[in-house]
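Structure first, then comments.
Hydrogens, waters and symmetry mates play no part in the numbers below; they use all other heavy atoms, side chains included. Just so we're on the same page: letters track the sequence lines, and every chain starts at 1.
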Amino acid sequence: AQKITQTQPGMFVQEKEAVTLDCTYDTSDQSYGLFWYKQPSSGEMIFLIYQGSYDEQNATEGRYSLNFQKARKSANLVISASQLGDSAMYFCAMREGLGNSGGSNYKLTFGKGTLLTVNP
Amino acid sequence: NAGVTQTPKFRVLKTGQSMTLLCAQDMNHEYMYWYRQDPGMGLRLIHYSVGEGTTAKGEVPDGYNVSRLKKQNFLLGLESAAPSQTSVYFCASSRHGTGHYEQYFGPGTRLTVT
């Protein structure tokens, strides 16, 4: 079973509108973290936002917010007031076992990504 | 700070040739990773290292070897390249700890094996 599922291969949004990119995850750990990365056409991976499993509030970073629903195991990225520069591939990723010692809990598992296109 | 750098940026190999990809970071991070990115597959972890002199296998380690002789460098080797190893390779690094230490990525290396 996939640990990270992004069900939207592609999404379109009009400039200045809000858009939600879906991410569901699968883990039996109690302590884990969820990340969103942006990959523009230039190819670099840019960290956007993080949500810890024990964080009581949804994470926000500027125009990015994370709609974290722990019981449903979803961590959707919300981009408000979309800009043309937001057109990119977006990846959801998970880091499990945060409460464990050792090195294995630093790995990220990525979803397959959602290609967002912002139309003028 | 340069962050995470990768050498080379592009490479074309013939089947059976060998090569080494170099990753360097100047953030004094303990942890380093190698991923490959294929169309429609997201990023998949090849190998990772939790410190100088230590390495471990990730999700797709076959056909690759790694070494971490210095804390700031992480090398990925292909001993006998195959067309299935045509991909974009990303190196990343992160601090250690239980916080939300994100991984910082290099710009990627585009490898084509013919």
Top residue by heavy-atom pair count (under 4.5 Å) with chain A, among B/G106, B/G108, B/A92, B/G40?
-> B/G40

Is the number of heavy atoms from other residues, nucleotides or ligands under 6.0 Å of B/K70 NZ greater than 12?
-> no

Quick one: side chains of residues 51-59 of chain B, donor-acceptor pairs under 3.5 Å with protein atoms, not counting sequence neighbours, listed by atom name and distance.
unit_1	atom_1	unit_2	atom_2	d
B/E52	OE1	B/K71	N	3.4
B/T54	OG1	B/G51	N	3.1
B/T54	OG1	B/G51	O	2.9

Can you tell me if A/Y37 uses its side chain to pair, donor with acceptor, with the backbone of B/Q103 under 3.5 Å?
-> yes

Connected via hydrophobic side-chain network under 4.5 Å: B/L111 and B/L22 = no

For the hydrophobic clusters of this structure (ILVMFWY residues joined by side-chain heavy atoms under 4.5 Å, transitively), does one cluster hold both B/M32 and B/V50?
-> no

Would you sort out whether B/E102 and A/Y50 count as a side chain to side chain contact (heavy atoms under 4.5 Å, CB included), showing the intermediate values?
-> CA-CA 8 Å; B/E102 71 267 27; A/Y50 168 86; over 6 Å; no

Neighbour count above 12 (heavy atom, 6.0 Å) for B/E79 CD | no

Gap separating the OG atom of B/S94 from the CZ atom of A/R95, nearest 0.5 angstrom = 6.5 Å

Near A/E17 CD, under 6.0 Å, is it more than 12 heavy atoms from other residues, nucleotides or ligands?
-> yes

Taking heavy atoms only and a threshold strictly under 4.5 Å, list by residue number the residues of residues 108-120 of chain A that touch chain B; give 'none' if the list is empty.
-> A/L108, A/F110, A/G111, A/K112

Okay, B/L45 and chain A: the region with an atom under 4.5 Å from a heavy atom over there is side chain

Among B/E30, B/Q37, B/R44, single out the residue with the greatest number of heavy-atom pairs under 4.5 Å to chain A.
-> B/Q37

Same cluster for B/L21 and B/V4 if Ile/Leu/Val/Met/Phe/Trp/Tyr side chains link at under 4.5 Å?
-> no

Is A/K70 atom NZ crowded by more than 12 heavy atoms from other residues, nucleotides or ligands, each under 6.0 Å away?
-> yes

Most contact-rich option vs chain B, by heavy-atom pairs under 4.5 angstrom, among A/Q51, A/Q6, A/E44, A/Q39, is A/Q39

Common cluster, B/V88/B/Y104, ILVMFWY with side-chain heavy-atom separation under 4.5 Å | no

